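Take a look at the structure below.
Please read these numbers as outputs of a predicted model, since none were measured by experiment. In what follows, residues are counted from 1 in the order of the sequence shown.
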Amino acid sequence: MGKIPVKVKAVVYTLSPFQQKVMAGLWKDLPNKVTHKVTDNWINATLLLGPLVGTYAYVQHYLEKEKLAHRY
């Protein structure tokens with residue numbers, strides 16, 4: 001079998017140097033997107049944020065109690 005030369009066409013995607021709004025769609029309507037994600041996945045958001053907020057509150061309370069411990 002002989003080798004048959006095949007022309008290969010390549011597609012190259014580039015951004016124009018004059019394009020200024022590359023990621024404009026990412027920031028557009030951000031509060032509504034976040035609200036939509038949280039309301040659709042409220043149980044996951046609660047399971048994620050609950051322990052984080054609880055740990056933060058516990059640490060803040062512990063530090064405040066430690067600062068005031070010398071008064072008793």
Side-chain angles (χ1 to χ4, degrees):
M1 293 235 143
K3 293 183 179 179
I4 302 172
V6 177
K7 292 183 180 180
V8 178
K9 294 182 180 178
V11 177
V12 178
Y13 295 99
T14 60
L15 290 175
S16 169
F18 301 107
Q19 180 68 27
Q20 298 297 317
K21 296 181 181 179
V22 176
M23 297 179 66
L26 181 65
W27 308 112
K28 185 178 179 182
D29 201 24
L30 188 65
N32 287 340
K33 288 180 183 177
V34 171
T35 305
H36 182 70
K37 290 285 186 187
V38 170
T39 55
D40 285 352
N41 303 310
W42 65 271
I43 189 73
N44 292 336
T46 303
L47 291 175
L48 172 69
L49 295 177
L52 290 176
V53 171
T55 303
Y56 179 78
Y58 172 76
V59 168
Q60 293 301 317
H61 174 71
Y62 182 81
L63 291 174
E64 188 65 27
K65 192 169 75 171
E66 189 175 285
K67 280 193 273 185
L68 298 176
H70 71 281
R71 293 187 179 190
Y72 299 115

Side chains of residues 31-43: which donor-acceptor pairs under 3.5 Å do they make with residues two or more places apart or in other chains?
unit_1, atom_1, unit_2, atom_2, d
N32, ND2, D29, OD1, 2.8
K33, NZ, G25, O, 2.9
K33, NZ, K28, O, 3.3
T35, OG1, P31, O, 2.8
H36, NE2, D40, OD2, 2.9
T39, OG1, T35, O, 3.0
T39, OG1, H36, O, 3.1
N41, ND2, K37, O, 3.3

(message) Per the salt bridge (charged side-chain N to carboxylate O under 4.0 Å, His left out) rule, what does the pair list look like for residues 50-64, sequence neighbours excluded?
(response)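 Sorted pair list: E64-K67.
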(request) Show which residues join Y13 in its hydrophobic cluster (side-chain heavy-atom contacts under 4.5 Å, direct or indirect), or state none. (result)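 Result for Y13 is V11.
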(message) Once side chain to side chain contact (heavy atoms under 4.5 Å, CB included) is applied, do any residues pair with Y56, and if so which ones, sequence neighbours excluded?
(response)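 Partners of Y56 by the side chain to side chain contact (heavy atoms under 4.5 Å, CB included) criterion, ordered by chain and then number, come out as Q60.
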